[in-house]
Number of protein chains: 2
Amino acid sequence: MKNMQERIERLKEKGIVLTIQRLAVLEFLVENCTHPTVDDIYKSLKEKYPTISQATIYSCLELLRDAGEIQELSIHRDKACFDPNLRMHHHFFCKQCEKIFDVNIECPVSMQGWFDGNKVEEVQAYLYGVCEECRKKEGG
Amino acid sequence: MKNMQERIERLKEKGIVLTIQRLAVLEFLVENCTHPTVDDIYKSLKEKYPTISQATIYSCLELLRDAGEIQELSIHRDKACFDPNLRMHHHFFCKQCEKIFDVNIECPVSMQGWFDGNKVEEVQAYLYGVCEECRKKEGG
DNA sequence: TATTTGTCAAGAATTATTCTAATCTTTTTC
DNA sequence: GAAAAAGATTAGAATAATTCTTGACAAATA
């Protein structure tokens, strides 16, 4: 359950109706911090709610993203994935196992809010490489 | 012409055949540093080379990217765009005019090569916000 | 209860990208 | 230089992620 209660409060304050589907999507993300794709979420929720449609997943994700409750990552260019972690952080993508890890490095770029005269509202940084685990496997 | 000659040398050294189409794609990118999409490139080259096909643009871009001559950006999640600038740099996307600017900020994350035990081979950082020009327009 | 407003489902439509098979070019071999 | 082989290009079909549309449904309001 974690911080679900807080999140629900925040959404209610914003006047967002918390339907079963919306809660299910949010809850799934909070409990599965593996940066799932739309399809991952759809397949999993379909088991519990067999009538749910993909379009609903898309619309719930869009709503939650616009409400600032989740982040949309474009670490792959062919599909979106989502992260319920609201703290400022970046992401590492392993080219071999394709897992995505959170990266908690403080980066000056992200902290500023400004770059020259341009207002920076959001920062996404993606590191691509090979994770420790995969490197170990390779090595032996 | 700029650094085309150097680029051509590098590609030849790698044993890459420099067809008219490949050169045209590379040249277009070098002369249009506006981070064009596949479609931008296709539409523009089609005027000069009416028989060129989209698949050729995709394959040239893939080849040039894999040869390390250009960078592929996933700043939009709905379409790729390309950058011939090989120096380490990041990108700013204006949500209003949708222009993409290069950002020359040195970021520790990018310099390291490592994050915990994970080997970092590439870094892409995207700043999203409103550019100076658009803010000025808004203001008055 | 009747009305209004907002949400959901299902599938069609759209769009970027990849695949395929045929054609054309270039390179190699004789 | 001609023939064969290898590689590149084309055009269009196929695929896959995402968005749109429309009607059905549910909740909130009067």
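Keep in mind that the numbers below use all heavy atoms, side chains included, and drop hydrogens, waters and symmetry copies. Small disclaimer: the values here were computed from a predicted structure and weren't measured.
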Study note, to complete from the structure: In whole angstroms, the gap separating C1' of C/dT26 from CG of B/L18 amounts to 13 Å
**Study point:** Under-4.0 Å salt bridge between B/K95 and A/E121
**Key:** yes
Review point. Can you find a pair of side-chain heavy atoms, one from A/K12 and one from A/L18, that are under 4.5 Å apart?
Key: yes
Practice item. Please state whether the rings of B/H35 and B/H91 are parallel, tilted or perpendicular, taking 30° and 60° as the class boundaries. Key: perpendicular
Check your understanding: Atom CG of A/D40 and atom P of D/dT18: how far apart are they, to the nearest Å?
Key -> 11 Å
**Study point:** D/dT10 phosphate, OP1 or OP2, under 4.0 Å from B/T51 side-chain N/O
**Key:** yes
Check your understanding: Are B/Y128 and B/C94 side-chain neighbours, meaning at least one heavy-atom pair lies under 4.5 Å?
Key -> no
Point to revise | Nucleotide C/dC8, atom P - distance to CG of A/L45 in whole Å | key: 12 Å
Practice item. Pick base, sugar-phosphate or nothing for A/T37, based on heavy-atom distances below 4.0 Å to the nucleic acid. Key: nothing
Review point. Can B/E122 and B/Q124 be counted as having a side-chain donor-acceptor contact under 3.5 angstrom?
Key: yes
Exercise for review: Mind calculating the distance between CD1 (A/I52) and P (C/dA9) to the nearest angstrom?
Suggested key: 6 Å
Practice item. Take atom NZ of A/K79 and atom P of D/dT18, then tell me their distance rounded to the nearest Å. Key: 9 Å
Review point. Quick one: A/I20 CD1 to C/dA9 C1', roughly how many Å, whole number?
Key: 14 Å
Check your understanding: When you measure from the side chain of A/Q21, which nucleotide among C/dT7, C/dA10, C/dC8 comes out closest?
Key -> C/dC8
Check your understanding: When we call it a touch if two heavy atoms are under 4.0 Å apart, what does A/D39 touch: a base, just sugar-phosphate, or nothing?
Key -> nothing
Check your understanding: Toward the 5' end of DNA chain C, which comes first, A/S53 or B/A80, by nearest nucleotide?
Key -> A/S53
Practice item. Send over the distance from A/H76 NE2 to D/dT18 C1', rounded to a whole Å. Key: 16 Å
Exercise for review: Give a yes or no answer on whether the side chain of A/T19 reaches the backbone of A/R22 with a donor-acceptor pair at less than 3.5 Å.
Suggested key: yes
Exercise for review: Output the residues of residues 55-68 of chain B in contact with DNA chain C, where contact means a heavy atom of the residue under 4.0 Å from an atom of the strand; sort by number or write none.
Suggested key: B/A55, B/Y58
Practice item. Would you mind telling me which residue lines up with the more 5' stretch of DNA chain C, B/T19 or B/D78, judged by nearest nucleotide? Key: B/D78
Check your understanding: Is the phosphate of D/dT9, meaning OP1 or OP2, less than 4.0 Å from a side-chain N or O of B/R22?
Key -> yes
Point to revise | Atom-pair distance (OH on A/Y42; P on C/dC8), nearest Å | key: 15 Å
Check your understanding: Is the shortest heavy-atom distance from the side chain of A/D40 to the side chain of A/T37 under 4.5 Å?
Key -> yes
Practice item. Ignoring backbone atoms, test whether B/Q54 places a side-chain nitrogen or oxygen under 4.0 Å from the OP1 or OP2 oxygen of C/dT18. Key: no
Review point. Looking only at side-chain N and O atoms, does A/R77 come under 4.0 Å of OP1 or OP2 in C/dT17?
Key: yes
